[in-house]
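See structure below.
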Amino acid sequence: MKGQKDRAFPNSPLATEVERRAFLKYAGAGMGGVALSPFLAALNQAAAADSCETVPADKSKMDYTFTAAYAASPPAIDEVAFTMEVENLMALTYGGDFMQYKPVSGQSPGVCVADMGAPGNEGVIGRWVDKWEGSADFKTWTFHIRPGIKSWAGNEMTSADITWTWQRAFEMKAVRYFFAKAMFLDKPDDIEVIDKYTVRFHLQKPSPVILKLMAMSYYGGPFDATEAKKHATAGDPWAKNWLKSNDAGFGPYHIVKNIPGQEMELTRNENYQPKPPIKRILIRVVPDAATRMALIERGALDYAMRLPERSLQALAKNPAVQIVRARANFIPYIGPVATNEIMAKTKVRQAMAWATPYDEIREKVYFNQGTPIKSITPAIFPNYTDRFWVYKRDPARAKALLAEAGYPNGFDLKLSFDNSIEEMSEAAVLIKAAYDSVGIRTTLDPLPAAVYSERKVKRQLMCQVDNFQWPWIADTGYTGWVYLGNPETTVNNSVYFNHPEFNRLVTDMMQMPLGEERTKMDLRVQELAAEEVPWIFLVEPGWREALKKEWTNFHWYPDNNLHFEWLYKA
Amino acid sequence: MIFGFVVIAVNLALALIGPLIAPFPVQAPVGASLTPPNATHWFGTDVSGMDIFSRVLAAPRVDLTIALVSTAVAFACGVALGVLSGFFAEGTAIARFFSGAIMRAADIFQAFPLFVFALALVGFSGPSTRNVIMALAFLNIPFFLRLTRGAVLQVRSRTFVEAAICAGNSKLRAAFVHVMPNSIAPALVHFSTTIGFSILLTAGLSFVGAGVPPPTPELGLMIKVGAQNMMTGQWWTALMPGLVLAVTVLAFSVFGDNLRVFLDPTSRR
């Protein structure tokens, strides 16, 4: 299907992308290939219609130093923990997988955003590959690595790095392994080396979202296998110990100092293109949000991570600080856990949805920023519709539904949340007051982050209010499958939602070509999520970051990290 | 003395009727968030829009209950153990062994920093009013124990104790009926200051998220929520409950000091 639009994937933009990039590759090869990479980069920039894909040439010559404050110390730089800090570091050091979402101009000046709303795979472009082909049945995918991609250690990315990376993923059984399963890769042998720069993926089933999965896999490489192997031992053949606190990636930055709980220093990968204007990144670990806010307020930081909206509102008054915003993919929600007898009743969940104070949460927790969530799929994703989500605060309707469910006098509810997330604590207080007023006698249960996370995963809570969901793949089928699919096989389904039709739909969508039938299924999934209310959606606060005023060229991707490699001073 | 007495009396009264006389509901938003003090909301509102004045009025019920109950439990256990430990410090080998064992156990518990130990206890058992009471009571037992034991060691050798035993009282009866009433004054004085200290410790635990769950009207919890707003200029959210906490603790301390003078004739001279 190279060079032509596939019938099974009628919206696929593969032909256009492949042709343009094929031209660039062959032109580059004819003129000296790797040696002419600066010329190629310039040509690529010229070919790109959107300036979001480039860094201005004069800015690429800069050697800025950037100071940031993390909220916590990353537990490891390998795929063993889910925290914003870990994801930020992985994005900086490994740079992601073969593909990436195409950055386009956002609503705010100086902000580029991933093109998540594009239908099918139109929003996805190559990152490490300049050409890719899918077979007619979409079970075989061939990727051509762009020659000349080098890690900080100077080793060139080849097929051998890719196979080592995936072999390691199957060994680690962590996040990249999860992506392997989502792509229907069963074993390391499913990845075949064709030549030095070409690898072929043999999927067990067709995958309509493989390119999007590749666009957002920040975990687990691709590794510079040559460098990583230097640190492997007989007892640790995959260099797990070394890679916990060091990196062997092809991304824009490289860790040169790492004092857990205190500070980190990263330096630019001089081989990375386009060359990042920031040469040196100093990261301090400042757990207290108020302290992070104070530091940026007085100019001691360029960037303070994870500030609550209240702090951002105050910082917005400071002329030396800017708040960067973009619509994002966060799904804060109330999650009644169906392992509990009361929470398992649909009418109870619907009553809770009618009792929830959506407007008050948006006003008092998010200061009227963000947008109400009205579907399981974020509003920036394809096929989003708000027509099924009918719920708004209506105590009378909530009480009527409670009576229908067999609880005319209400019931006792324990609402748990991670007490380290201020916005969830604040939302929980408002939810309690609203639920109390309709007879749902609510006790708040603030838990330390680790305890909350453990009990959530084990489905031991009665009900949770949570904001740790942001689907990376712009697809309703994937979002439904990863968060609310069959609870016996989906560990992320922490509310134990188990609906046969929903399970069948999201499972089928993961292996069904794009097209009209799949769109119908997409809408049905959104309808079921509204009817059955496994999650009570709250407010999508948007991507929000506080930086010094002088920085510009922000890029939002669905990982919701600040991608330092694009930044320069205006 | 009058200052301490008045503040304690007001606190006790509020513990009984505080939530009833509060102008607004104490656990529900009643207005816009972070409203500065005004004619309607005398102490302003917090980030959730709850009336801070109403919550301050209701707070003594929680704070004082925790402090009084935990201190009473600690007092009862500490005094009893102190009497036993002191009275039987010199006796049979078994009696000496148990007396020593009680003191070594107290040594072990007091070897840990108090707040960290309280944090660990509440962290282990889970944040709730009952668990905070249990943790504070457990922590305060050694103090009452040592004070009582010291007093018992002085009293037990007096002739009226020997006389009581000669008159046919068992040693246990002599310890609790004749020695304890004459050794309890230091523990009684400490009772008052411990209440103030317990209020402070409760607030501290709530401040670090290990105390009572939100949105319970409790001074430490209110300061914790409000402290986040101090940085952004909403000073009233933490200052008002902070002032009330400071005055309350000071009152118990002053009252305890005066009580010590009152119970000690030599000091009164």
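In what follows, every chain begins at residue 1, and chains take the letters A, B, ... in the order their sequences are listed. What you see is a predicted model; the values in this text were computed from it and never measured.
Contact annotation for A:Lys432: only side-chain heavy atoms (C-beta onward) come within less than 4.5 Å of a heavy atom of chain B. Proximity to chain A is absent for every atom of B:Met230, based on heavy atoms less than 4.5 angstrom apart. Heavy atoms closer than 4.5 Å to chain B are found nowhere in A:Gln313, neither backbone nor side chain.
B:Gly31 and A:Lys364 make their closest contact through O-NZ, 2.9 Å (heavy atoms, listed as atom of the first residue, atom of the second, distance).
Other residues, nucleotides and ligands contribute only 12 or fewer heavy atoms inside 6.0 Å of the NZ atom of A:Lys414. For CZ of A:Arg306, the number of neighbouring non-hydrogen atoms (other residues, nucleotides, ligands) closer than 6.0 Å is greater than 12. Within 6.0 Å of atom CZ in A:Arg441, more than 12 heavy atoms from other residues, nucleotides or ligands are found, so the atom counts as buried in its surroundings. Within 6.0 Å of CG in A:Asp359 there are 12 or fewer heavy atoms belonging to other residues, nucleotides or ligands. By the 6.0 Å contact criterion, CE on A:Met84 is enclosed, its count of non-hydrogen atoms from other residues, nucleotides or ligands being greater than 12.
If you take CG on A:Leu444 and CD on B:Gln27, they are separated by 8.5 Å, rounding to the nearest 0.5 Å. Atom CD of B:Gln228 and atom CE of A:Met293 lie 12.0 Å apart (nearest 0.5 Å). To the nearest 0.5 Å, atom OG of residue B:Ser48 and atom CD of residue A:Glu360 are 8.5 Å apart.
Comparing B:Pro213, B:Pro214, B:Ala210, B:Ala28 by heavy-atom pairs within less than 4.5 Å of chain A, the highest count is held by B:Pro214. In terms of heavy-atom pairs under 4.5 angstrom with chain A, the leader among B:Thr232, B:Asp46, B:Thr216 is B:Thr232.
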